[in-house]
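All ligand and atom numbering here is 1-based and tracks the order in the structure. Worth knowing before you read on, the calculation uses all heavy atoms, side chains too, and leaves out hydrogens, waters and symmetry mates.
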Amino acid sequence: MKVILIDSGTTNSRLRLYDKTTSEVLDTEKIRIGVKDTAISGSNNNLKAQLKQGLERLLAKHQLTPSDIEYIAASGMITSNLGIYEIPHIPSPAGLEEFAQFSKVTQLEEFLSIPCVFIPGMKNTIDSMDPRDLVACINEFDVMRGEEVESFGLLKQFDVNGKGMIVLPGSHTKFVAVGERKDLLYCLSTLGGETLSALQKETILSDSLGSSLIKSIDQKMLECGFEAAKQYGLTRSFYHIRLLDLFSDLDANQRANYFAGSVIYSDLQALSQSEEGMGEIEWMIVGGSDPLRKAFSHLLSYMNKKWDVMEATDQQVEDSLVFGASEILANCKDLFLKNASKGSVCDENSQL
Ligand SMILES: Nc1ncnc2c1ncn2[C@@H]1O[C@H](COP(=O)(O)OP(=O)(O)OP(=O)(O)O)[C@@H](O)[C@H]1O
Ligand SMILES: O=C(O)C(=O)C[C@@H](O)[C@H](O)CO
């Protein structure tokens, strides 16, 4: 039997056709659409239409009909107010059981009426706050949708013990704190990826940065950008990129590395403020998309030589979505039983 996994983020969506019998991803459809489109246009119509078309393409390519798909499992920003089916975040700390317990099953026309399990995101639980002055404690708040699946999928592939941190660069950089029992303690997000992309597209830096930003990692330039942001501040370090274009013989790739280094400095500064609350970090796993994955891995080690930084491979990142969804769905038995009237979604012992 086949299932489809949908991971729909801020900028991109990925639809994976998965064969439960062979535990194989048969095909992946990447669509350049995410909830950023809803945020900018004010409507989710385009997101709905493109996901539906992607689903139809995937089925047609493999000569399948909707009835050949046992169910869809969807995670990410698709469950947000900007997505397709909103479900509330669950509060931290949360483990596999909590994510499973609050997953929702429904059938939507845009998903060809295939039963769909929507996996919730997580929000930080705030220990103490003054409701009259939320601004003063806003830094304690945070949310994620999608990265919980990736985190559980990475945890399945790395043999780690004790408390640690999962670092997931993407449109938003996400730091996910993990407890000794492998539950997710809290998260911390920045607008890192979207900052790189918006400045490259919408400012004078377009002239000094290639449209594809980093083509290959230049560790020295990452470190220079990192140090520049630390010493002169983020916006001045951004202006350096124009100055480097005008006055140095660095190429566009070197300037792009400098640029990413300065944004990553700012992300890691946010992390170092939060890290105190978590006590000793015993390990770090860096996932997310490349080349930011490599850039973060390098700068995390550069910033603190004591950190045990493990960089996931492309395959581990790819597998993390399947493993993560599988781990959560394996805990979803009650949910499936409750929805049995809508058709069996999952048999008793199956993974995914
Ligand atoms: N070659 C590159 N050099 C530097 N930064 C890059 C490069 N490619 C992508 N990025 C940055 O990484 C971020 C995430 O990239 P990508 O397009 O892979 O998103 P994603 O992880 O699929 O996003 P999401 O899941 O949040 O929708 C982008 O916001 C972009 O700014
Ligand atoms: O949960 C939300 O509403 C978010 O905005 C979280 C967002 O940062 C995603 O985690 C990005 O993948």
Starting from [atom], locate the nearest protein heavy atom and write down its residue, its atom name and how far away it is, to 0.1 Å.
{"atom": "atom 3 (O) of ligand 2", "value": "Arg145 NE, 3.6 Å"}
{"atom": "atom 31 (O) of ligand 1", "value": "Gly193 O, 2.6 Å"}
{"atom": "atom 14 (C) of ligand 1", "value": "Gly170 C, 3.4 Å"}
{"atom": "atom 5 (O) of ligand 2", "value": "Met77 CE, 3.3 Å"}
{"atom": "atom 12 (O) of ligand 1", "value": "Leu292 CD1, 3.2 Å"}

Verify, without hydrogens or angle tests, whether [X] (side chain) and [Y] (backbone) share a donor-acceptor contact under 3.5 angstrom.
{"X": "Asn253", "Y": "Ser216", "result": "yes"}
{"X": "Lys174", "Y": "Val143", "result": "yes"}
{"X": "Asp183", "Y": "Pro93", "result": "no"}
{"X": "Thr79", "Y": "Ser75", "result": "no"}
{"X": "Thr173", "Y": "Pro169", "result": "no"}
{"X": "Asn257", "Y": "Ile217", "result": "no"}

Between [X] and ligand 1, does any nitrogen or oxygen pair lie at a separation below 3.5 Å?
{"X": "Lys30", "answer": "no"}
{"X": "Ile214", "answer": "yes"}
{"X": "Ser212", "answer": "yes"}
{"X": "Ser171", "answer": "yes"}
{"X": "Asn12", "answer": "yes"}

Closer than 4.0 Å to some heavy atom of [X] - which atoms of ligand 2 meet that?
{"X": "Lys174", "answer": "6 (C), 7 (C), 8 (O), 9 (C), 10 (O)"}
{"X": "Val143", "answer": "1 (O), 2 (C), 4 (C), 6 (C)"}
{"X": "Thr10", "answer": "11 (C)"}

Min N/O separation Ser80 to ligand 2 under 3.5 Å =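 There is no such contact.
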Those atoms of ligand 1 less than 4.0 Å from some heavy atom in [X]:
{"X": "Ser197", "value": "31 (O)"}
{"X": "Leu196", "value": "5 (N), 31 (O)"}
{"X": "Gly9", "value": "27 (O)"}
{"X": "Glu194", "value": "29 (O)"}
{"X": "Arg14", "value": "22 (O)"}

Is [X] salt-bridged to [Y], going by a charged N under 4.0 Å from an acidic O?
{"X": "Glu29", "Y": "Arg16", "result": "no"}
{"X": "Glu327", "Y": "Lys156", "result": "yes"}
{"X": "Arg255", "Y": "Asp245", "result": "yes"}

When you check the side-chain N and O atoms of [X] and [Y], is any donor under 3.5 Å from an acceptor?
{"X": "Ser67", "Y": "Thr65", "result": "yes"}
{"X": "Glu147", "Y": "His172", "result": "no"}
{"X": "Asn46", "Y": "Asp37", "result": "yes"}
{"X": "Lys201", "Y": "Ser197", "result": "yes"}

key: Residue from Thr28, Asp27, Val25, Leu321 passing side chain to side chain contact (heavy atoms under 4.5 Å, CB included) with Tyr18   =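 With Tyr18 as partner, Thr28, Asp27, Val25, Leu321 yield a single side chain to side chain contact (heavy atoms under 4.5 Å, CB included), made by Val25.
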message = Please tell me whether Tyr302 and Phe226 form a close aromatic pair, meaning their ring centres lie under 6.0 Å apart.
response =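 Tyr302 vs Phe226: aromatic centres under 6.0 Å.
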message = Under 6.0 Å between ring centres: does that hold for Tyr239 and Tyr232?
response =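 That pair fails the under 6.0 Å test.
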Which residue from [options] reaches closest to [atom] through any of its heavy atoms?
{"atom": "atom 5 (N) of ligand 1", "options": "Asn257, Leu213, Ile33", "value": "Leu213"}
{"atom": "atom 21 (O) of ligand 1", "options": "Pro291, Ser289, Gly287", "value": "Ser289"}
{"atom": "atom 12 (O) of ligand 2", "options": "Glu147, His172, Met144, Met122", "value": "Glu147"}

task = Answer side chain, backbone, both or neither: which part of His172 comes under 4.0 Å from ligand 1, heavy atoms only.
result =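 His172 to ligand 1: no contact under 4.0 Å from either part.
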query = If you measure from each non-hydrogen atom of Thr11 to ligand 1, which part falls under 4.0 Å: side chain, backbone, both or neither?
reply =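 For Thr11, backbone and side-chain atoms both sit under 4.0 Å from ligand 1.
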task = Report yes or no: does a heavy atom of Lys36 sit under 4.0 Å from some atom of ligand 1?
result =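 No; Lys36 lies far enough from ligand 1 that no heavy-atom distance drops under 4.0 Å.
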ask   = Would a 4.0 Å cut-off, counted as strictly less than, catch a protein heavy atom around atom 9 (C) of ligand 1?
value =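 Given the 4.0 Å limit, the answer for atom 9 (C) of ligand 1 is no, no protein heavy atom qualifies.
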inquiry  = Please confirm whether His89 approaches ligand 2 to less than 4.0 Å, judged on its heavy atoms.
reply    =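 His89 counts as a contact of ligand 2 under the 4.0 Å cut-off.
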